[in-house]
Each structure stands twice: as C-alpha cells, then as structure tokens.
Amino acid sequence: MRVDEAASPQSIAECITFMKRRPEAVVWAGGTALMTIDDRPQSDRPLPVLDLHRVQELRSITGSDRYIELGACVTLQSILELPKRRSLGPLKQAILGIGNPPLRNMATIGGNIAARSRFMTCFPVMACMDAALETRDSSGTRWSGFQHIVAADGHPSFPESTLLTRIRIPTAFWDNYCVRPMGDDGYPDVDSFTFAAVARLEKNTIVELRVCAAGNVFIRNRDAELELVGKRLPLGHKETDNLLGSFQAAGEEAGISPHMARRFAHYVKTFFEYSPDDPQ
Ligand SMILES: Cc1cc2nc3c(=O)[nH]c(=O)nc-3n(C[C@H](O)[C@H](O)[C@H](O)COP(=O)(O)OP(=O)(O)OC[C@H]3O[C@@H](n4cnc5c(N)ncnc54)[C@H](O)[C@@H]3O)c2cc1C
C-alpha cells in the first residue's frame with residue numbers, strides 16, 4: 001500500500017474530521033492484520049492513513065454490573081490481563097488462540113472486529129455474547145449489534161469512512177462455552193473458521209443458546225438454536241441427528257464446503273457432550 005498522507009490525531013473528534021476530508025482513509029490500529037493480509041480493496045492510488053495510536057479515549061476500559069465497555073484500541077493482551085470474570089471467559093479463550101504475547105500487545109480488539117476481508121477470531125464469540133458496537137462517522141454516533149456488520153450474503157460489511165469506537169459486552173454469566181478453530185490450517189488461511197458456542201443451563205435444561213462460526217462468511221442458524229432451547233442434556237439420539245442436519249444445512253447454505261459444514265455440525269454436537277471449559 002502506498003501512502004500519500006498520514007494523520008495521527010489525539011482525539012476521536014479529530015479522527016472524524018480527517019475521515020470527512022479523506023473518506024478513503026485506511027484506519028491503522030495495531031497494524032498486525034493490515035501488515036499480513038490484504039484487508040483493503042486493491043488500489044493503484046496512494047491512500048491516506050489514519051493512525052489511532054495517540055487516541056487515548058480509544059484505550060479505555062469501563063464497566064458496570066451489567067456490562068464491560070472496551071475502547072476499540074484496547075489490546076488483546078490487556079483483555080487477557082483483566083481480572084478473572086466468568087462472563088469474559090469466551091472472549092479470553094478466543095484471544096488465547098491468537099498469535100503470542102508480543103503480537104497481542106500490538107493487536108487491538110477493534111482491528112479484530114472491523115476487518116473487512118474476513119471475520120477474525122473474536123467476531124463469532126462477541127456475536128454469541130450479544131456484544132454491541134459503537135461507531136462514529138461524520139453523521140454522528142450509533143450503537144448496533146454485530147449482525148449489523150454482516151452483509152446479506154454473510155460476508156463482512158464494516159462500513160467505510162466509519163470509526164469503531166467502543167464495544168459493549170454484557171456481563172451475564174454463561175454456564176457452558178466453547179471457542180475452537182475449525183479449519184485444517186489456521187489464520188490467515190482462507191478456509192480457517194472459528195467456531196463459538198455459549199449456553200445457559202438450568203438443571204441441565206438449555207435455557208439460552210447461541211452457536212455460530214465465522215471465517216470468510218458468518219454462519220448461524222437461529223431456528224436450530226431455538227429448537228434446542230428447553231431440551232434437557234444429554235440429548236437423545238433423535239435430537240442429536242436433527243441438530244446435525246440443521247447445523248450442517250446452515251453451513252451449506254452459507255456456502256462453505258460440505259466437509260466444513262459437517263465439521264460445524266459435529267462441533268455443535270461435541271459442545272453438548274463435554275462440560276464447560278475452564279473459565280479464564
Ligand atoms: C503471526 C500472526 C498471527 C495472527 N493470528 C491471528 C488469529 O489467529 N486470529 C485473528 O483473528 N487474527 C490473527 N492475526 C491478525 C491480527 O493480529 C488480529 O486480527 C488483530 O486483532 C488485528 O488488530 P490490529 O489492531 O492489528 O488491526 P489493524 O491491522 O490495524 O486493522 C485491521 C482492520 O481493521 C480496521 N480497523 C482497525 N481499527 C479500526 C477502528 N477502530 N475503526 C474502524 N476500522 C478499524 C483497519 O482499517 C483494517 O481494515 C494474526 C496476525 C499475525 C501477524
């Protein structure tokens with residue numbers, strides 16, 4: 001990528017002013033994805049770069065009883081170092097699968113979520129955890145769910161000329177969760193996916209469930225999730241066969257290979273067979 005102008009503002013307001021003047025600006029957070037994959041549409045023209053590293057507002061971590069809010073430039077390593085809290089277990093488990101501590105000290109949560117070319121590891125986990133995104137552009141500030149940045153065809157659709165500023169994660173407790181890589185080769189292989197599932201149980205009965213996978217597309221079958229709510233664990237043979245069929249179909253509808261779709265369904269089945277992972 002050739003650069004024709006680099007800005008390094010100190011506030012979100014200055015970032016938005018720059019993006020208004022240069023809407024094609026490439027936002028640079030940790031730079032660890034931008035340096036390794038083609039996360040931007042190919043361009044013959046030099047592009048302006050908006051470097052976020054001096055914007056302190058984007059590094060704050062705040063919280064209440066009901067949620068925790070992470071600034072978009074909070075590093076993955078700082079999230080791992082937050083006090084042990086069961087509600088953050090799924091996210092910490094996802095982060096532990098990303099690179100090593102030096103990389104995680106540079107890589108930000110915002111860069112993981114706002115990637116344009118593919119869904120990164122934290123995306124399906126945050127979608128399962130009902131996290132919300134605060135974005136800003138020249139028209140103002142808005143909050144939206146993660147589904148908002150999934151296009152109708154299942155591909156990533158984080159809007160251009162928009163800054164991701166905060167991510168809000170509910171602190172509600174998940175009894176059972178699982179985050180696992182799903183492809184044969186890891187990042188940045190085009191076929192690498194991350195599987196994520198979270199559940200709330202009452203006396204071994206499923207009361208809430210979210211299951212998804214994401215890589216170059218996002219896969220989720222809300223109807224199949226709802227069918228499982230109210231079922232008691234362990235599932236019977238018929239219920240297991242039904243769930244394998246529904247989740248495999250969801251994968252195939254999303255356009256992944258039959259082999260990967262079968263693997264997705266198998267991971268869902270395995271999720272119900274094992275006890276919760278150790279909370280971080
Ligand atoms: C060796 C290695 C292994 C890796 N392994 C993994 C892995 O297993 N899983 C994984 O998910 N990633 C992996 N990565 C990629 C990367 O480290 C992470 O995805 C990281 O979280 C990206 O964050 P960043 O701050 O570096 O993003 P950047 O590279 O700075 O940006 C990524 C994208 O997000 C946009 N962006 C960044 N911040 C904002 C914002 N606030 N608002 C709007 N747009 C924004 C950028 O314009 C760009 O399109 C790996 C990288 C390396 C080098």
Side-chain angles (χ1 to χ4, degrees), residues 1 3 6-9 11-12 14-16 18-19 22-43 47-60 70-80 91 93-127 133-137 141-142 144 148-149 156-167 179-183 185-196 213-216 218:
M1 180 175 75
V3 176
S8 189
S11 70
I12 294 174
E14 288 172 81
C15 291
I16 301 303
F18 183 76
M19 288 175 113
R22 302 295 311 265
E24 74 281 33
V26 175
V27 177
W28 189 281
T32 61
L34 284 167
M35 285 188 289
T36 48
I37 54 170
D38 281 337
D39 198 48
R40 312 294 313 181
Q42 293 300 312
S43 169
L47 291 168
V49 167
L50 174 61
D51 172 10
L52 301 182
H53 89 273
R54 293 204 303 159
V55 188
Q56 284 306 319
E57 296 162 79
L58 293 175
R59 294 185 180 274
S60 73
L70 305 173
C73 286
V74 168
T75 65
L76 301 183
Q77 191 63 26
S78 338
I79 298 172
L80 279 186
L91 179 59
Q93 195 176 20
I95 292 173
L96 278 171
I98 301 175
N100 51 24
L103 177 89
R104 296 194 293 256
N105 268 322
M106 292 171 71
T108 67
I109 189 67
N112 204 279
I113 299 305
R116 268 74 169 182
S117 58
R118 53 167 298 128
F119 294 107
M120 298 290 192
T121 302
C122 297
F123 190 95
V125 182
M126 300 280 240
L133 306 167
E134 184 194 61
T135 51
R136 291 201 202 176
D137 61 20
T141 303
R142 65 188 65 82
S144 54
H148 183 73
I149 52 170
S157 67
F158 191 87
E160 294 300 326
S161 310
T162 302
L163 193 66
L164 172 59
T165 43
R166 273 187 293 178
I167 298 161
V179 182
R180 292 183 63 183
M182 216 174 79
D185 297 304
Y187 174 91
D189 187 82
V190 283
D191 288 328
S192 62
F193 275 72
T194 302
F195 170 85
N216 59 357
F218 181 74

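Ligands are counted one by one from 1 in listed order, and the atoms in each one are counted from 1 as well.
- Of all protein heavy atoms, the one lying nearest to atom 33 (C) of ligand 1 is D39 OD2, 3.1 Å.
- In this structure, the side chain of S192 does not engage the main chain of P188 through any donor-acceptor pair within 3.5 Å.
- At a heavy-atom distance under 4.0 Å, only side-chain atoms of L103, from C-beta outward, approach ligand 1.
- Taken from CG in D51 to CZ in F18, the straight-line distance is 10.5 Å, to the nearest 0.5 Å.
- Distances from ligand 1 to the non-hydrogen atoms of T162 include at least one value under 4.0 Å.
- For the residue pair R118 and N216, the shortest heavy atom distance occurs at CB-CA, 4.4 Å.
- Taking every heavy atom of L164 and a limit of under 4.0 angstrom, the matching atoms of ligand 1 come to 40 (C), 41 (N), 42 (N), 43 (C).
- The atoms of ligand 1 that sit less than 4.0 Å from any heavy atom of L163 are 42 (N).
- For ligand 1 and R116, the ligand atoms under 4.0 Å from any heavy atom of the residue are 35 (C), 44 (N), 47 (O), 49 (O).
- The minimum heavy-atom distance between P124 and F218, with the atom names listed, is CA-CE1, 4.4 Å.
- Nearest to atom 9 (N) of ligand 1 among the protein's heavy atoms is T121 OG1, 2.7 Å.
- Every atom of ligand 1 with a heavy atom of T32 under 4.0 Å away is listed here by number and element: 16 (C), 17 (O), 18 (C), 20 (C), 22 (C), 23 (O), 24 (P), 26 (O), 29 (O), 51 (C), 53 (C).
- For ligand 1, the atoms sitting less than 4.0 Å from at least one non-hydrogen atom of L52 are 41 (N), numbered in the order shown with element in parentheses.
- At least one heavy atom of G97 lies less than 4.0 angstrom from ligand 1.
- For the pair R116 (side chain) and P159 (backbone), a donor-acceptor distance under 3.5 Å is present.
- Between L58 and T108 the shortest side-chain heavy-atom distance does not fall below 4.5 Å.
- The shortest non-hydrogen separation linking Y187 to I37 is OH-CG2, 3.6 Å.
- Within a 4.0 Å radius of atom 48 (C) of ligand 1, the protein contributes one or more non-hydrogen atoms.
- Each of the atoms 21 (O) of ligand 1 lies under 4.0 Å from some heavy atom of L76.
- Here's the thing with G30: one of its N/O atoms is less than 3.5 angstrom from an N/O atom of ligand 1.
- Shown are I16, T135, T141, V55; of these, the side chain to side chain contact (heavy atoms under 4.5 Å, CB included) with L163 is made only by I16.
- Of the protein's non-hydrogen atoms, Y187 CE2, 3.1 Å is the one closest to atom 50 (C) of ligand 1.
- Put simply, the side chain of P23 does not reach to within 4.5 Å of the side chain of E160, judged on heavy atoms.
- R54 places a side-chain N or O within donor-acceptor distance of the main-chain N or O of S8, the cut-off being under 3.5 Å.
- In this structure a side-chain-to-backbone donor-acceptor pair under 3.5 Å is missing from R142 to D137.
- Remark: minimum distance from atom 28 (P) of ligand 1 to any protein heavy atom is reached at G31 N, 3.5 Å.
- Considering only non-hydrogen protein atoms, atom 19 (O) of ligand 1 sits nearest to N112 ND2, 3.2 Å.
- Nearest protein heavy-atom neighbour of atom 27 (O) of ligand 1: G111 CA, 3.4 Å.
- Residue-to-ligand polar distances keep I98 apart from ligand 1: every N/O pair is separated by 3.5 Å or more.
- Checking only distances, V26 never comes within under 3.5 Å of ligand 1, N or O to N or O.
- Under 4.0 Å from ligand 1, heavy atoms of L34 appear from its side chain as well as its backbone.
- The shortest heavy-atom contact between L91 and C122 is CD1-SG, 4.0 Å.
- Closest to atom 36 (N) of ligand 1 among all protein heavy atoms lies A114 CB, 3.9 Å.
- Not one N or O of M120 is nearer than 3.5 Å to an N or O of ligand 1, by distance alone.
- A94 and T121 get closest at one heavy-atom pair: O-CG2, 3.7 Å.
- In this structure the side chain of L80 reaches within 4.5 angstrom of the side chain of Q77, judged on heavy atoms.
- The distance from ligand 1 to the heavy atoms of A29 drops below 4.0 Å at these ligand atoms: 25 (O), 30 (O), 37 (C), 38 (N).
- The residues E57 and R59 are annotated as not salt-bridged, no charged nitrogen and carboxylate oxygen being separated by less than 4.0 angstrom.
- Within the 4.5 Å cutoff, the side chain of S78 has no heavy atoms near those of the L70 side chain.
- Residue contact annotation: F123 has no non-hydrogen atom under 4.0 Å from ligand 1.
- When each atom of ligand 1 is checked for a heavy atom of T36 under 4.0 Å away, the hits are 53 (C).
- Assignment of L58 to the shell around ligand 1 is not supported, since no heavy atom sits closer than 4.0 Å.
- Protein heavy atom in closest approach to atom 39 (C) of ligand 1: V27 CG1, 3.6 Å.
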